[in-house]
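Read the structure below first, then the notes.
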Amino acid sequence: MPSEAAEPNHLVAFPGGYTRSVGPVTGRFLSELRDGRMVGVRTAGGRVLVPPAECDPETGEDVTGEFVEVGPAGTVTTWSWVPRPAKEHPFDRPFAWALIRPDGADTALLHALDLGVFEPGAKPPKVLKTGMRVRPKYRAERTGTIGDIECFLPEVTMINPQAALEYRLKGGRALGRFLEGISEGRILGHRCPVCEKVIVPMKGFCTRDGVPTTEEVELPDTGTVTTFAVNNIPDPRAPEVPFVSGYVLLDGAGLTMLTLVAGIPADQVRMGMRVRAAWRPREEWDRSMANIKWFEPIDEPDVPFEEIKDYM
């Protein structure tokens with residue numbers, strides 16, 4: 001049997017355009033759009049229709065002729081995600097059609113909602129939901145059509161400013177002396193004349209007894225991890241992510257000091273682990289704690305919890 005011929009495409013076209021009268025109600029709406037505003041019309045029952053109509057769709061009565069400026073912000077009442085736009089659509093990437101009720105209106109209008117750039121076929125983003133707040137994006141050049149609103153965009157609800165704060169810390173006598181020791185590869189502390197605990201880094205006074213401290217004590221660069229935290233936010237001082245910041249009780253010290261712990265996977269760091277300072281090459285030393293990159297494990301048995309519980 002002969003194959004059937006393919007059905008031809010049919011096209012109805014108006015080469016010179018199709019001109020129609022919009023009437024006073026729709027005309028006012030389109031004129032306001034051209035000027036970057038949105039209006040609705042009030043019904044006899046007090047409801048505001050957007051887009052405006054010449055009669056109340058619920059009662060059939062003529063509207064009052066009272067125009068009310070609405071929006072510009074509005075609320076999404078329902079939506080439909082378009083993962084693969086057709087050539088006739090307003091975007092060549094995924095977007096949403098949404099019914100949007102402008103503030104001050106009782107009805108909603110249908111328009112495109114732009115949520116950003118997505119790969120073809122993408123699933124709807126989590127931010128797309130009924131109740132989300134949006135605002136119109138007007139075109140720079142407007143002619144008095146619904147297309148004068150290019151699309152709607154989500155209201156800004158969150159920002160992520162990139163900020164940095166640089167400051168110079170001038171240490172006092174005690175801190176200056178401590179950093180001088182670090183610049184020489186030594187860790188110095190102060191012994192309290194009352195409780196006799198060694199405070200490191202030295203502060204010039206005992207935080208427990210409130211008395212001045214002056215007796216210097218040099219401590220070894222070995223110690224014990226008392227407690228720690230695993231961090232998943234990048235830090236320029238850390239070797240990788242995740243990294244561990246921990247409190248280390250230096251041998252002979254009476255207070256812990258906060259430092260990085262590395263040289264071991266983050267999930268293997270533990271309380272009671274014995275560690276030693278990893279010093280940078282001597283030619284890189286200056287008067288700062290950066291001379292010690294971090295503390296890393298040494299081949300010694302863990303310290304029992306009972307011996308470090310008072311330093312948590």
Side-chain angles (χ1 to χ4, degrees), residues 169 171-233 235-280 282 284-312:
L169 175 64
R173 183 179 303 173
L175 181 58
R177 176 59 179 149
F178 173 76
L179 294 177
E180 181 181 347
I182 291 293
S183 70
E184 300 168 352
R186 300 190 298 153
I187 301 177
L188 301 178
H190 268 167
R191 189 186 306 278
C192 173
V194 178
C195 65
E196 297 189 344
K197 291 186 178 297
V198 177
I199 302 164
V200 59
M202 56 175 60
K203 304 177 185 298
F205 68 97
C206 177
T207 56
R208 173 179 298 181
D209 299 301
V211 297
T213 56
T214 57
E215 180 186 352
E216 288 187 6
V217 179
E218 183 172 348
L219 298 173
D221 62 359
T222 55
T224 303
V225 175
T226 60
T227 187
F228 62 91
V230 178
N231 304 274
N232 290 286
I233 300 177
D235 188 299
R237 299 166 298 176
E240 59 186 2
V241 175
F243 67 93
V244 175
S245 55
Y247 283 94
V248 171
L249 180 66
L250 292 178
D251 295 340
L255 295 175
T256 57
M257 60 185 296
L258 181 63
T259 183
L260 295 177
V261 179
I264 185 175
D267 60 359
Q268 295 182 23
V269 177
R270 56 198 180 274
M271 290 187 295
M273 186 175 71
R274 295 286 293 160
V275 291
R276 182 189 304 275
W279 295 83
R280 296 187 184 277
R282 181 66 181 85
E284 298 180 10
W285 288 1
D286 57 13
R287 288 170 55 92
S288 79
M289 280 300 294
N291 295 355
I292 298 176
K293 294 187 294 183
W294 50 70
F295 279 72
E296 54 191 18
I298 55 178
D299 188 17
E300 291 184 6
D302 288 0
V303 174
F305 176 77
E306 291 296 322
E307 296 183 21
I308 59 174
K309 65 179 183 179
D310 293 334
Y311 298 97
M312 299 294 184

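Just so we're clear, the structure is a prediction, and the values are computed from it rather than from any experiment.
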- Across all chains, not counting sequence neighbours, the side chain to side chain contact (heavy atoms under 4.5 Å, CB included) partners of Asp299 are none
- Only pairs at least two apart or in different chains count here, so list each side-chain hydrogen bond (donor to acceptor under 3.5 Å, both in side chains) that has a residue in residues 250-265. Thr222-Asp251, Asp251-Arg274
- Identify, with sequence neighbours excluded, every residue that meets side chain to side chain contact (heavy atoms under 4.5 Å, CB included) alongside Gln268. Ile264, Pro265
- Message: Under the rule for side-chain hydrogen bond (donor to acceptor under 3.5 Å, both in side chains), what residues qualify as partners of Thr227, not counting sequence neighbours?
- Response: none
- Item | Trp285 side chain to Gly185 backbone, donor-acceptor under 3.5 Å | no
- Message: Restricting to side-chain hydrogen bond (donor to acceptor under 3.5 Å, both in side chains), what partner residues turn up for Arg270, sequence neighbours left out?
- Response: Asp302
- Message: Tell me every residue that passes side-chain hydrogen bond (donor to acceptor under 3.5 Å, both in side chains) with Arg186, counting only those two or more places apart in sequence or in another chain.
- Response: Glu184, Glu218
- How would you list, by chain and number, every residue that makes a side-chain hydrogen bond (donor to acceptor under 3.5 Å, both in side chains) with Glu307, sequence neighbours excluded? none
- With a 4.5 Å heavy-atom cut-off, do Leu250 and Ile187 have their side chains touching? yes
- Message: According to side chain to side chain contact (heavy atoms under 4.5 Å, CB included), who are the partners of Thr207, at least two apart in sequence or on a separate chain?
- Response: Lys203, Phe205, Leu255
Review item, side-chain donor-acceptor pairs of residues 192-200, under 3.5 Å, at least two apart:
none

- Query: With Pro239, which residues qualify under side chain to side chain contact (heavy atoms under 4.5 Å, CB included), at least two apart?
  - Reply: Ala262, Trp294
- Closest non-hydrogen atoms of Val230 and Pro242, given as atom of the first, atom of the second and distance, are CG1-CB, 3.8 Å
- Looking at residues at least two apart in the chain, or sitting in another chain, which of them share a salt bridge (Lys or Arg N to Asp or Glu O under 4.0 Å) with Arg276? Asp221
- Query: Has the side chain of Arg287 got a donor or acceptor atom that lies under 3.5 Å from a matching backbone atom of Gly176?
  - Reply: yes
- Sub-3.5 Å donor-acceptor pair from the side chain of Asp209 to the main-chain atoms of Val211, do we have one? no
- Task: To the nearest 0.5 Å, tell me how far His190 NE2 sits from Arg177 CZ.
- Result: 8.5 Å
- Under the side-chain hydrogen bond (donor to acceptor under 3.5 Å, both in side chains) rule, what pairs show up with a residue in residues 238-249, not counting sequence neighbours? Asn231-Ser245
